[in-house]
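Have a look at the structure below before the remarks.
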Amino acid sequence: MPELPEVETVRRMLAANVLGRTIRTVRLSGLKLRERIPADLPRRLAGRRIVAARRRGKYLLLELDDGPTVLSHLGMSGRWLFHAQPPRDRMPHVHATLRFADGSVLRFQDPRRFGLLRLVDAEALSSDPSLGILGRDPIADPPTGASLRAMADGTRVSVKVFLLDQRRIAGIGNIYASEILHRAGLDPRTRAGAVRPEAWQRVARETRAVLGEAIERMGTTFSAYRTLWNEPGSYGDQLRVYDRAGEACPTCGTGVRRIVQGARSTFYCPRCQSGRSGRLRAASGPRKAARTTASAPRRRSGARH
DNA sequence: ATCCTATCCTGTAGGC
DNA sequence: TGCCTACAGGATAGGA
């Protein structure tokens, strides 16, 4: 799942490869992603030059020379792929093909179509509904223990769910949330409002460390994510707990557990991350039951690199 | 306001 | 071998 490190990797590669290029033609699949791609996108992009590649949280922004910005989100399986020469393949699930004046091509591929392609006028960027709700970016504006604690004040949700909330910190997804909390030695079930100041400091430090190291390794390819050159990221080797239910915790050897929080998997070490205060009750309502008590180790999609 | 659940979607894995 | 089903989760609408 593309999270901040994966999106930042793609942004850097876009900056290195498509900046300054002029779009000649655009072709759309016509299929609906998270929302419909504007039908006038080809007309509005033709002849425009890409002058900036930015990122906010998990959103990518390609700024055009006449003002508007192509706003994109990779969702679960989206990819921006660059080809110096026009590709001759018939790659499935390509929803937008941008052909540049020099013959190079940029494609947006997204099998599961949770992604997003939107054109936003310069003056509307600040009021864009998706961007508008985003909290601080942990790379541009690194969190501190104090800032996290202030944001969590009075919040009753678990610290894991808190970290996933894009309105507070923009860019952390399900993989890195588990990794950050493991490295911070904090029980993912702890209520965010009850996390101690020292623990928030560790969360802040590990957020910066994990995201930074993941960017260095061009992200984590769990299944679908690829860089602009269709290469997998290599941070998967560094994952300590994510998708490792039943395996030994790299710190203490205890079996890694999988639980479900907010309908998403959380992986943690019950020994290294033992919280003695502020723990939420395991279940607060009818739930699909039985799976929350991490049973047998389950292996999934072996595509991790 | 806050929290929680269902929904969108397809590739993959596991069961039989 | 092949069919069938469950599962993965980012963002968001809508309900509690």
Side-chain angles (χ1 to χ4, degrees), chain A residues 1-7 10 29 31-37 55-60 71-79 91-95 108-118 128-135 151-179 188-189 191-194 219-226 232 236 239 242-245 258-267 280-292 294-305:
Chain A
M1 317 78 203
E3 306 180 23
L4 187 152
E6 291 75 34
V7 178
V10 173
S29 71
L31 291 176
K32 185 174 178 283
L33 305 182
R34 191 204 303 177
E35 63 188 35
R36 191 161 290 287
I37 302 174
R55 179 190 57 76
R56 294 198 200 168
K58 300 176 196 170
Y59 288 87
L60 277 166
L71 177 67
S72 64
H73 192 291
L74 302 179
M76 294 296 300
S77 58
R79 301 167 175 172
M91 179 180 281
H93 309 301
V94 171
H95 303 292
F108 186 82
Q109 184 200 30
D110 185 8
R112 297 178 61 180
R113 298 199 263 135
F114 282 11
L116 174 76
L117 272 185
R118 187 187 287 169
D128 181 87
S130 298
L131 298 178
I133 63 153
L134 294 181
M151 277 190 284
D153 186 44
T155 302
R156 304 191 60 80
V157 296
S158 69
V159 63
K160 160 72 181 328
V161 170
F162 173 87
L163 288 180
L164 289 180
D165 188 344
Q166 305 299 302
R167 296 168 301 183
R168 305 188 195 268
I169 312 165
I172 298 174
N174 208 42
I175 294 176
Y176 296 112
S178 281
E179 294 300 307
R189 299 166 295 182
R191 277 188 290 119
T220 301
T221 291
F222 185 73
S223 56
Y225 160 74
R226 293 291 189 282
L239 295 178
Y242 184 81
D243 198 43
R244 298 197 185 281
R258 172 184 181 270
I259 59 175
V260 174
Q261 297 179 285
R264 270 64 183 136
S265 295
T266 300
F267 299 88
L280 280 175
R281 256 180 262 282
S284 57
R287 185 141 292 181
K288 285 183 190 169
R291 253 185 307 109
T292 44
S295 43
R298 305 167 342 108
R299 272 251 65 84
R300 290 183 318 150
S301 84
R304 188 200 313 150
H305 273 247

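Quick note on labels: first sequence line is chain A, next is B, and so on, each numbered from 1.
- Between A:Y242 and C:dA8 there is no side-chain N or O to OP1 or OP2 distance below 4.0 Å.
- In this structure, the CD1 atom of A:I172 is 16 Å from the P atom of C:dG9, given to the nearest Å.
- Contact check, A:R156 against B:dT2: no side-chain N or O comes under 4.0 Å of OP1 or OP2.
- The separation between A:K58 atom NZ and C:dG10 atom P is 5 Å, rounded to whole Å.
- Regarding A:L31, its CG atom lies at a distance of 16 Å from the P atom of B:dC8, rounded to whole Å.
- Side chain to side chain, A:Y242 and A:S265 fail the donor-acceptor criterion of an N or O pair below 3.5 Å.
- By the stacking rule of 5.5 Å between ring centres and under 30° between planes, A:F114 does not stack on the base of C:dA11.
- Counting to the nearest Å, the P atom of C:dG10 and the CG atom of A:L163 are 13 Å from each other.
- Electrostatic pairing of A:E3 and A:K58 does not count as a salt bridge here, judged by no charged N lying under 4.0 Å from a carboxylate O.
- Neither OP1 nor OP2 of C:dG10 sits under 4.0 Å from any side-chain N or O of A:Q166.
- Heavy-atom nearest nucleotides on DNA chain B were determined for A:K32 and for A:R167, and the one closer to the 5' end corresponds to A:R167.
- Between A:L4 and A:R55 there is a side-chain heavy-atom pair separated by less than 4.5 Å.
- To the nearest angstrom, C1' of C:dA11 lies 15 Å from CG of A:L117.
- The side chain of A:R34 places an N or O atom within less than 4.0 Å of a non-bridging phosphate oxygen (OP1 or OP2) of C:dT12.
- Between A:R112 and A:Y59, the residue whose closest nucleotide on DNA chain C is further toward the 5' end is A:R112.
- Listed pair A:S130 / C:dT12 meets the phosphate criterion, a side-chain N or O lying under 4.0 Å from OP1 or OP2.
- A:Q166 and A:Y59 share no side-chain donor-acceptor pair at under 3.5 Å.
- Considering only side-chain N and O atoms, A:H73 lies under 4.0 angstrom from the phosphate OP1 or OP2 of C:dA11.
- Between the C1' atom of C:dA11 and the CG atom of A:L74 lies a distance of 13 Å, rounded to the nearest Å.
- Following rounding to the nearest Å, A:L33 (CG) and C:dA11 (P) show an atom-to-atom distance of 15 Å.
- As judged by a 4.0 angstrom heavy-atom cut-off over every strand, A:I133 is placed among residues touching the sugar-phosphate backbone only.
- A distance of 11.5 Å separates OG of A:S130 from CZ of A:R56, quoted to the nearest 0.5 Å.
- One can place CZ of A:R113 at 16 Å from C1' of C:dG10, the figure rounded to the nearest angstrom.
- Listed nucleotides: C:dG9, B:dC3, B:dT10. Nearest to the side chain of A:H93: B:dT10.
- Remark: B:dT10 base-pairs with C:dA8. Criterion, Watson-Crick or G-U wobble with two distances under 3.5 Å.
- Checking B:dG11, C:dG10, B:dC3 against every side-chain atom of A:R264, the shortest atom distance belongs to C:dG10.
- Among the heavy atoms of the strands, none lies under 4.0 Å from A:S77.
- A donor-acceptor pair under 3.5 Å is absent between the side-chain atoms of A:R156 and the main chain of A:R191, judged by distance alone.
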